[in-house]
There are 2 protein chains.
Amino acid sequence: MRTSIATVSLSGSLTEKLTAASRAGFDGVEIFENDLLASPLAPEEIRVRCADLGLRIELYQPMRDIEAVPAAEFARNLRRARHKFELMGRLGADTVLVCSSVCPSAVDDDALAAAQLSELADLAQDFGIRVAYEALAWGRHVSTYDHAWRIVETAGHPALGTCLDSFHILSRGGDPEGLEDIPGEKIFFLQLADAPQLAMDVLQWSRHYRCFPGQGGFDVAGLVRHVLRTGYDGPLSLEVFNDVFRQAEAGPTAVDAHRSLLLLQEAVGVADLPAPVVPTGIAFAELLTPDAEPVAAVLDALGFARTARHHGKPVDLWQQGEARILVNTAGAARRDGTQLAAIGLESPDPAAAAHRAEALLAPVLPRRRDPHDAPLDAVAAPDGTELFFCATGHPELPDWRADFDSLGTGRPQTGVTSVDHLALTQPWHHFDEAALFHRSVFGLDARESVDVADPYGLLRSRAVGNTDGSVRIVLSVGAAPTDDTVHAQHIALATDDVVAAAGRFRAAGGRLLRIPANYYDDLAARFELPEEELAAYRDLGILYDRDAGGAFRHCYTETVGRVFFELVQRDPGHRGYGAPNASVRLAAQHAQRPAR
Amino acid sequence: MRTSIATVSLSGSLTEKLTAASRAGFDGVEIFENDLLASPLAPEEIRVRCADLGLRIELYQPMRDIEAVPAAEFARNLRRARHKFELMGRLGADTVLVCSSVCPSAVDDDALAAAQLSELADLAQDFGIRVAYEALAWGRHVSTYDHAWRIVETAGHPALGTCLDSFHILSRGGDPEGLEDIPGEKIFFLQLADAPQLAMDVLQWSRHYRCFPGQGGFDVAGLVRHVLRTGYDGPLSLEVFNDVFRQAEAGPTAVDAHRSLLLLQEAVGVADLPAPVVPTGIAFAELLTPDAEPVAAVLDALGFARTARHHGKPVDLWQQGEARILVNTAGAARRDGTQLAAIGLESPDPAAAAHRAEALLAPVLPRRRDPHDAPLDAVAAPDGTELFFCATGHPELPDWRADFDSLGTGRPQTGVTSVDHLALTQPWHHFDEAALFHRSVFGLDARESVDVADPYGLLRSRAVGNTDGSVRIVLSVGAAPTDDTVHAQHIALATDDVVAAAGRFRAAGGRLLRIPANYYDDLAARFELPEEELAAYRDLGILYDRDAGGAFRHCYTETVGRVFFELVQRDPGHRGYGAPNASVRLAAQHAQRPAR
């Protein structure tokens with residue numbers, strides 16, 4: 001099916017929007033009137049620009065407050081419409097969106113509405129234009145798709161059809177099954193948007209909180225299935241207004257948008273994407289650093305041993321249990337400090353996993369390798385993190401460790417068993433994109449988003465992971481684009497005994513994040529913990545949480561560059577990440593951050 | 001009355017919050033438990049810090065999910081409460097807030113709730129502590145103030161009273177008149193918050209959108225009047241959670257907060273503030289610039305004449321009609337460019353106006369003047385703009401113009417008659433503060449806030465003005481703290497013939513903002529304007545709007561530094577500022593901005 005996006009969904013000038021839509025692979029666009037008005041390009045120039053970019057102009061939108069009004073007003077509306085039809089001719093657009101009226105002078109008279117829309121369609125037909133009539137959820141008299149369709153049916157005009165919009169239908173809790181009663185050829189257009197389930201005024205909800213399909217709480221795929229059963233063969237077009245997208249760069253937003261439409265097509269069975277290959281573990285986490293020494297000191301104190309070195313690059317492999325950390329000193333600028341730059345995901349079929357990622361518009365990274373290196377596919381996540389597809393210890397597949405030469409160094413300690421989770425800071429404008437990316441590209445499950453109170457703003461955090469918990473990634477985003485959320489990027493290491501592991505770390509010279517004594521007084525009030533256990537937590541700065549599945553004990557190292565480490569003792573059934581303790585941890589990190 | 005603020009209302013560490021509250025003049029604070037938990041200070045140290053800062057600890061808050069639960073659970077709750085009462089003893093807090101239960105195990109049994117709260121109050125009494133029970137608007141069984149009061153009344157315990165919160169009462173549309181039925185001595189605490197009228201889930205509304213009294217849509221003063229009639233003599237305490245305040249600097253937020261409480265006390269008749277002195281005109285607008293030449297060129301082309309120079313400072317007076325613009329080359333850093341730095345407001349009583357501003361916590365500016373200068377009081381607005389109180393041409397009062405020596409230069413043109421309005425860019429975190437400041441300090445009326453679509457995010461804009469329109473100030477704020485909203489700062493000049501004025505400006509070498517031709521095609525569709533009128537608008541870049549009161553025609557000059565000028569022809573009845581044209585104007589300014 002053809003894909004399309006309304007220009008109002010993207011930020012910038014009209015030409016920026018068109019360029020972004022084309023680059024992201026859309027087949028067409030809806031031209032939003034205000035974008036055209038604000039453009040210095042003449043309609044003919046816009047037409048040429050779209051053609052050059054391979055974009056079809058699927059819709060011109062919107063015309064408002066046309067129908068069911070007194071005759072004199074309708075005459076003025078027809079005059080206005082004639083101007084717009086002339087414009088559409090210059091633009092090369094053949095379908096116009098007419099929204100159900102919200103004006104106070106509109107009357108509740110379906111026959112009048114049908115007659116006037118029919119007259120409008122007569123005029124449109126003279127210009128070779130089709131009119132797509134849509135029920136706004138807050139329309140004055142017409143606010144449901146079946147009502148709009150009844151009026152269109154009554155009018156019975158070949159140039160008049162209906163436009164369906166998933167937001168307007170699903171926000172009112174409408175039953176989309178009735179869509180199948182509309183003949184497909186009378187559905188002139190289909191606009192798609194998702195939205196979080198919010199109990200709020202529908203107009204504000206629509207204007208500020210729409211999102212791309214799969215990022216909200218609506219069953220957009222279910223609705224599209226009903227529409228496709230009618231025989232509808234027009235484009236799937238996104239119309240999403242959202243305060244965040246308005247501020248974001250158009251390019252990445254368009255990619256996010258197109259990815260959501262690909263997934264929607266997969267969900268309704270009209271797209272043929274490679275199936276997801278769910279990762280089965282964390283092969284490694286890679287730190288990029290201008291200076292390996294501070295990181296090495298922390299890893300050493302944590303009980304890691306430097307076991308191998310890449311044969312052709314300045315990359316060391318540190319290991320303890322199944323936890324592997326690469327320390328890469330190639331390319332990091334000093335001002336960025338140490339950062340979590342890449343993740344190796346264990347994959348049952350690395351090639352197929354990379355193939356799906358590429359099909360879902362993930363940028364494929366150049367392999368930058370010597371002829372001797374093991375082939376290793378990688379893509380970039382929306383936050384720029386490099387994701388490698390690995391098959392560690394599978395004899396039939398290339399092993400990334402083959403590129404490393406053993407250093408024959410001493411055995412690591414055994415306090416850390418594996419990586420419990422990785423926490424990545426997301427760019428402010430692309431938090432929802434990140435969650436959808438990890439879900440769709442890797443088939444990971446996403447947990448609910450939680451708010452965490454930092455002393456200087458609310459953070460949002462959302463975990464994605466596989467079923468057995470061997471892959472867990474926590475995505476966090478700050479309160480504002482300016483936010484310094486570096487404190488959220490970390491590697492959480494699993495241990496069977498956090499008290500012992502933290503004690504060893506401190507004895508080896510490691511510095512643990514200090515947690516205020518008041519926190520432990522509160523812990524004593526909330527939980528009946530044995531006195532000596534509480535004393536050990538208090539001494540080491542260990543935080544505690546509990547859910548129905550058991551306890552979660554965790555503590556934090558100092559921060560190196562933009563990265564810190566967490567030691568985690570997770571009861572097998574515990575599903576959390578210490579969110580109730582996050583505000584105490586964040587306050588402690590703010591307080592103990594070196595002065596800048 | 002004593003004033004107080006909950007620490008959760010301010011950003012930062014607990015000590016930052018306490019310092020900000022003290023500096024802004026609050027008498028006390030509510031200590032929010034999470035702020036204490038995250039603080040490295042022991043409770044005894046917090047007690048001393050508060051005493052040093054002159055702050056009384058009015059409340060410790062909150063305790064949750066205490067009452068109407070099975071016996072075993074209540075026993076655990078009492079254990080938890082004992083810990084907290086011990087803590088409060090160390091802290092020196094004698095009142096604790098208990099919120100009505102939201103936990104699933106709570107039962108709908110008022111007698112049980114009363115009995116358990118009574119038992120809790122017994123324990124509290126042993127520690128010299130009072131329990132203030134509050135109905136959360138989303139409480140599981142108790143969600144209204146009268147229900148909470150009935151339970152407190154049933155319990156009949158001297159250490160148990162109720163806490164009232166204006167948000168919880170007014171968000172549910174509760175009738176505050178019934179508050180007068182509660183004996184004042186049983187109202188242990190009064191928490192105040194306002195909120196915009198939003199149709200949304202009350203929990204989200206409460207957590208993210210509360211604001212200070214006078215900044216929302218609730219009749220907080222009306223509620224307080226009812227409470228005061230009961231004989232309540234505790235503090236007026238602000239408890240406001242808001243996503244914006246969480247990110248803002250605590251210092252200015254605390255000042256904004258305390259100003260709102262002063263106004264509330266004035267509204268209910270318990271504070272004695274100097275009465276507002278409404279300004280009667282714009283005496284001057286002052287531009288601060290590192291280089292007067294580019295500004296002078298624009299002013300010259302606009303028809304202004306440089307008529308006088310300050311006798312002791314590098315400040316020129318440019319004049320045309322009643323519009324006076326000061327160009328000040330003292331002190332502006334080059335990188336800031338030209339900015340609108342000060343406004344002279346005509347005042348019937350400058351001394352009284354300054355007195356009120358000072359009483360409402362506006363920073364009074366040092367007079368920086370020679371002994372020969374006319375005395376001129378000034379305060380700083382929240383955005384840093386200096387506001388001078390002037391009496392131009394009043395023989396009995398000092399005239400600021402006496403400090404200027406006439407240059408005897410040629411007469412200005414007469415196309416511009418006065419200043420129509422001034423537009424000021426607001427710091428992102430203090431938009432609501434700015435509106436309240438201008439309303440309360442100067443007695444100006446505030447219009448509704450409007451959203452304007454900039455190509456890179458939604459701007460918000462709100463006008464304040466006096467009744468006859470001789471003072472109009474438009475406050476604008478960008479979509480995000482990072483936003484470059486410099487394009488919003490401007491001086492709008494009134495003219496009786498904008499076509500003539502714009503033509504003269506262009507003929508004199510001035511550069512007008514170019515408006516896309518598509519805009520004029522749309523104007524032709526929407527309004528039946530005479531062909532030659534439309535042609536003139538199209539030629540000069542004049543924008544057009546109309547409301548019930550008449551037409552509004554306006555155009556813009558190029559931007560100099562951070563400032564541009566607007567020429568405005570306003571029909572006497574028109575009340576707008578061209579908001580429907582703002583997105584076209586903003587897009588044109590983005591497109592024509594010099595590359596950086």
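Values below: all heavy atoms of this structure, side chains included; hydrogens, waters and symmetry mates excluded. All values derive from a computational prediction rather than experimental measurement.
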(request) Tell me, out of A/L41, A/V584, A/N518, who's got the most heavy-atom pairs with chain B below 4.5 Å. (result) A/N518

(request) Pick one of side chain, backbone, both or neither for A/D522, based on which atoms fall under 4.5 Å of a heavy atom in chain B. (result) both

(message) As an exercise: rank A/P43, A/S39, A/A525, A/A453 by heavy-atom pairs under 4.5 Å with chain B and give me the winner.
(response) A/A525

(message) Using 0.5 Å steps for rounding, measure from the CG atom of B/L91 to the CZ atom of B/R47.
(response) 8.0 Å

(request) Measure A/L87 against the heavy atoms of chain B and call it side chain, backbone, both or neither at under 4.5 Å. (result) neither

(message) Is it the case that atom CZ in A/R49 sees more than 12 heavy atoms from other parts of the structure closer than 6.0 Å?
(response) no

(request) Identify which part of A/N34 has an atom lying under 4.5 Å from any heavy atom of chain B, answering side chain, backbone, both or neither. (result) side chain

(request) Give, as side chain, backbone, both or neither, the part of A/A248 having an atom under 4.5 angstrom from any heavy atom of chain B. (result) neither

(message) Which atoms of B/E86 are under 4.5 Å from chain A, going by heavy atoms: the side chain, the backbone, both sets, or neither?
(response) neither

(request) Measure A/L198 against the heavy atoms of chain B and call it side chain, backbone, both or neither at under 4.5 Å. (result) neither

(request) Side chain from CB out, backbone as N, CA, C, O: work out which of these in A/F527 comes under 4.5 Å of a heavy atom of chain B, or both, or neither. (result) backbone

(request) Could you pull out the closest heavy-atom pair between B/T7 and B/D35, with the gap in Å? (result) OG1-OD2, 2.7 Å

(request) Calculate, to the nearest 0.5 Å, the distance between atoms CZ and CD belonging to B/F32 and B/E239 respectively. (result) 8.0 Å

(message) Please determine whether the number of non-hydrogen atoms from other residues, nucleotides or ligands lying under 6.0 Å from atom CZ of A/R82 exceeds 12.
(response) no

(request) Could you check which of B/P455, B/A517, B/A38, B/S583 has the highest count of heavy-atom pairs closer than 4.5 Å to chain A? (result) B/P455

(message) Determine whether a donor-acceptor pair (N or O, by modelled atom type, separation under 3.5 Å) exists between the side chain of A/Q592 and the backbone of A/L513.
(response) no

(message) Measuring from atom OG of A/S143 to atom CH2 of A/W138, what distance do you get when rounded to the nearest 0.5 angstrom?
(response) 11.0 Å

(message) Check B/D545 with B/R526, please: is the shortest side-chain N to carboxylate O separation under 4.0 Å?
(response) no

(message) Salt bridge check, A/R90 against B/D521: does any charged N sit closer than 4.0 Å to a carboxylate O?
(response) yes

(message) Between A/E249, A/R79, A/R80, A/K84, who has the most heavy-atom pairs with chain B when the cutoff is under 4.5 Å?
(response) A/R79

(request) Taking heavy atoms only and a threshold strictly under 4.5 Å, list by residue number the residues of residues 8-18 of chain B that touch chain A; give 'none' if the list is empty. (result) B/S11, B/G12, B/S13, B/E16

(request) Please report the closest heavy-atom contact between B/L459 and B/G478, naming both atoms and the distance. (result) CD2-CA, 3.6 Å

(request) Tell me, for A/D451 versus chain B, whether the close heavy atoms (under 4.5 Å) come from the side chain, the backbone, both or neither. (result) side chain

(message) For the backbone of B/L543 and the side chain of B/N581, can you confirm whether one donor and one acceptor N or O come within less than 3.5 Å of each other?
(response) no

(request) Mind listing the closest non-hydrogen atom pair of A/V69 and A/C103 along with its distance? (result) CG1-SG, 4.0 Å

(message) Treating A/R246 as the side-chain partner and B/L458 as the backbone partner, does any N or O pair qualify as donor plus acceptor under 3.5 Å?
(response) no

(request) Return the minimal non-hydrogen interatomic distance between A/Q247 and B/G457, and the atom names on each side. (result) CG-CA, 3.9 Å

(request) Let me know if A/E528 has heavy atoms under 4.5 Å from chain B in its side chain, its backbone, both or neither. (result) both

(request) Look up atom CZ in B/R585 and atom NE2 in B/H590, then write down how far apart they are to the nearest 0.5 Å. (result) 9.5 Å

(request) Considering only heavy atoms, give the residues of residues 200-209 of chain B separated from chain A by less than 4.5 Å, sorted numerically, with 'none' for an empty result. (result) B/M200, B/D201, B/H208, B/Y209

(request) Against chain B, label A/A591 side chain, backbone, both or neither, depending on which of its atoms sit under 4.5 Å from a heavy atom there. (result) neither

(message) Give me the atom names and distance for the closest heavy-atom approach of A/Y544 to A/Y537.
(response) CD1-CE1, 3.7 Å

(request) Report the relative orientation of the aromatic rings in A/F85 and A/F127; use parallel for angles under 30°, tilted for 30 to 60°, perpendicular for over 60°. (result) tilted

(request) Tell me, out of B/A588, B/P40, B/A250, B/A524, who's got the most heavy-atom pairs with chain A below 4.5 Å. (result) B/A524

